[in-house]
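Input: a single structure, listed below in structure tokens.
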Amino acid sequence: MLDIKLLREQPAIVREGITRKGENPALVDEALALDEQRRQTLQHGEALKSRKNTVSQQVAAMKSRKEDAASVIAEMRLVADEIKALDGELRRVEDQLHATMLQIPNIPHASVPDGRTPADNKEVARWGEPPVIDFAPKPHWELLESLGIVDFARGTKIAGAGFPVFIGKGARLERALINFFLDQAAENGYTELLPPLMVNAASATGTGQLPDKEGQMYAVPGDEFYLVPTAEVPVTNFHRDEILLESQLPTKLCAYTPCFRREAGSYGKDVRGLNRVHQFDKVELVKMVHPGTSYDELEEMRSCAEQLLRKLELHYHVLLMCSGDLGFTQSKKYDLEVWSIGQQKWLEVSSISNFESFQARRLNLRFRPATGGKPEFVHTLNGSALALPRIVAALLEQNQTPEGKVIVPQVLHRYTGFEIIG
RNA sequence: GGAGAGGUGGCCGAGUGGUUGAAGGCGCCGGUCUCGAAAACCGGUAUACCGCUUGCGGUAUCCAGGGUUCGAAUCCCUGCCUCUCCGCCA
């Protein structure tokens, strides 16, 4: 959620930012009209309340003097009705304003390039070389099947399509990667959380999944819960409705969780193997930082994620997302993509974003400046470090042997306990 | 799941319809005293919104929502949460 004051004072900047994202800026004017209406109703109601309070005290005084207050009381009865009506009106206007503000997207940072589609994203870094393999590399789904380390069919039987079952060394590899990622995050100063895997509507609203992306989450029928689509939701909400001390910033948290996503509308495209599934594992980094440092913190987070890919010796590149490819809540975002030699394309394995105060305002998450004074909203960031399935896919493809076995990267040996699969 | 108790300011804790934004204490800030500190004493010490605006005025906030009343922290209803006991359970 943006600051209503920003809309009031610099509507042109907000409209331009929304337009850069390819969205319709009409909501700005709608919000401003509601804001104006809100203040008028508020002032009217408050004037009446002021009167009511004064008269009520007079009634008390009259009664203590044993005077008759009947006529004043009769008059106040009417005023009370009017106040009730105005309060109702105010409530409606405020609800409407709030609903409108929740639909206005965050605006892009100045360093974000203009653009409308993923083709306009800028490659800002590239590491390593595409691996050279002197035989025809198999896509990971063939390796998974021949090695017997993931079973899609049985996952479908148990739950449904897109719920793979990891088996034996496959399960072990998954667990090894999770532990490796968590250990690395700890070394980089992130405190590990093991959060709830279901969240309530307030949490999902805080990080921006609601109301905008409701259809992407699994809802639990009969209970007001959603399955987490990413650890971002429970972890960022950890400090919701709190005032942190400035000395607590930056607060750096990390968490492993499974992620549950309906992926509605993505059928048929890029869904083979582990490319896109309904449940997957991910380690997420989350930071709450001082507003003055959030873009430096974004780079720090990006380098944490990059380190992991380097240690796994995976060829990757970094994309700076253009304005039109930014999500609803994001001001600036990098995507990390690894090279899939078996599919001959890039696979997104990490997304690292700065939300500035957009989430913090929804979350009511502030800090008290060390110099004293009023609490200010923190800036929040998050980044995957990393999402597992496509890492597994790229890893298997890149490290396959002509015999169909897979060499496990050195850095994982102490976690897997084996060096080769197959 | 059943029975009971309770949710008041940064914290503890008074307050059962009328200057109560809320006693008292602790903490915190400023001052007096002191070479300095402690103690003691004096003063100050919530948040949000609205309006004029270096300051002031108004409104709201005693878990949340609704109700009764001229007037609610205080009475009534609903919800949420916490605690205790019983049951069930990894």
Side-chain angles (χ1 to χ4, degrees), chain A residues 1-9 31-102 194-206 210 219-220 222-226 234 237-249 251 258 357-378:
Chain A
M1 186 158 59
L2 294 173
D3 188 353
I4 185 70
K5 289 189 196 121
L6 182 65
L7 305 218
R8 261 184 233 153
E9 288 158 19
L32 286 173
L34 287 164
D35 180 51
E36 183 59 34
Q37 197 183 340
R38 169 182 167 270
R39 273 181 294 168
Q40 277 180 15
T41 312
L42 183 70
Q43 283 166 34
H44 190 182
E46 287 190 351
L48 289 178
K49 285 179 185 172
S50 177
R51 174 116 193 285
K52 177 198 78 176
N53 290 340
T54 310
V55 173
S56 288
Q57 287 187 8
Q58 286 170 2
V59 170
M62 290 168 83
K63 291 212 165 177
S64 71
R65 290 195 300 263
K66 301 278 192 276
E67 294 174 23
D68 180 20
S71 68
V72 196
I73 288 173
E75 186 203 338
M76 281 303 108
R77 201 169 283 152
L78 297 177
V79 173
D81 287 345
E82 202 177 341
I83 286 172
K84 193 170 291 181
L86 280 168
D87 274 347
E89 170 71 10
L90 181 63
R91 177 70 163 273
R92 274 194 298 281
V93 173
E94 283 185 334
D95 286 351
Q96 236 181 311
L97 175 59
H98 188 66
T100 306
M101 290 301 291
L102 284 180
L194 193 62
L197 302 182
M198 294 195 276
V199 296
N200 55 33
S203 293
T205 304
L210 292 179
V220 180
D223 292 286
E224 299 274 307
F225 291 128
Y226 296 91
N237 274 277
F238 187 66
H239 287 301
R240 169 155 56 90
D241 289 320
E242 291 184 24
I243 299 176
L244 305 175
L245 300 173
E246 183 167 345
S247 58
Q248 290 175 268
L249 304 182
T251 293
S357 59
F358 191 85
Q359 286 183 331
R361 196 167 285 108
R362 289 171 165 239
L363 294 160
N364 191 27
L365 169 49
R366 296 171 294 171
F367 73 98
R368 192 172 298 281
T371 52
K374 295 195 174 191
E376 297 174 38
F377 290 110
V378 300

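Predicted, not measured: the structure shown is a model, and the values here were computed from it. Order of the sequence lines fixes the chain letters, A, B, ..., with proteins taken first and strands second; residue numbering starts at 1 for each chain.
Phosphate proximity of U59(B) to S50(A): present, with a side-chain N or O under 4.0 Å from OP1 or OP2. Phosphate contact (OP1/OP2 of U59(B), side-chain N/O of N53(A), threshold under 4.0 Å): present. Contact between the side-chain N/O atoms of K84(A) and the OP1/OP2 oxygens of U68(B) is found at a separation under 4.0 Å. Side-chain nitrogen and oxygen atoms of R39(A) include none within less than 4.0 Å of the OP1 or OP2 phosphate oxygen of C49(B). A close approach under 4.0 Å does occur between a side-chain nitrogen or oxygen of R91(A) and OP1 or OP2 of G66(B).
Searching all strands for a Watson-Crick or G-U wobble partner of G1(B) with both distances below 3.5 Å returns C86(B). Across all strands shown, G9(B) has no partner, as no Watson-Crick or G-U wobble contact with both distances under 3.5 Å is found. Taking a pair to require two hydrogen-bonding distances under 3.5 Å in either a Watson-Crick or a G-U wobble arrangement, U54(B) remains unpaired.
With respect to K49(A) and E46(A), no salt bridge is recorded, no charged nitrogen being found less than 4.0 Å from a carboxylate O.
The same atom, P, is picked in G13(B) and in G7(B); the two are 10 Å apart, to the nearest Å.
Here U47(B) is the nucleotide among G18(B), C70(B), U47(B) with the atom lying nearest to any side-chain atom of R368(A). The nucleotide whose nearest atom lies closest to any side-chain atom of R366(A) is, among A48(B), C49(B), G71(B), A48(B). For Q43(A), taking side-chain heavy atoms from C-beta onward, the closest of the listed nucleotides U19(B), G51(B), G18(B) is G51(B).
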Just distance, no hydrogens or angles: give the donor-acceptor pairs under 3.5 Å from side chains in residues 36-44 of chain A, sequence neighbours left out.
| unit_1 | atom_1 | unit_2 | atom_2 | d |
| --- | --- | --- | --- | --- |
| E36(A) | OE1 | R39(A) | NH2 | 3.2 |
| R38(A) | NE | E94(A) | OE2 | 3.1 |
| R39(A) | NH2 | D35(A) | OD2 | 3.4 |
| T41(A) | OG1 | Q37(A) | O | 2.8 |

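Counted by atom type alone, S56(A) and N53(A) present zero donor-acceptor pairs between their side chains at under 3.5 Å.
Residues that satisfy the ring-ring contact (aromatic ring centres under 6.0 Å, His included) test with Y226(A), not counting sequence neighbours, are absent from this structure.
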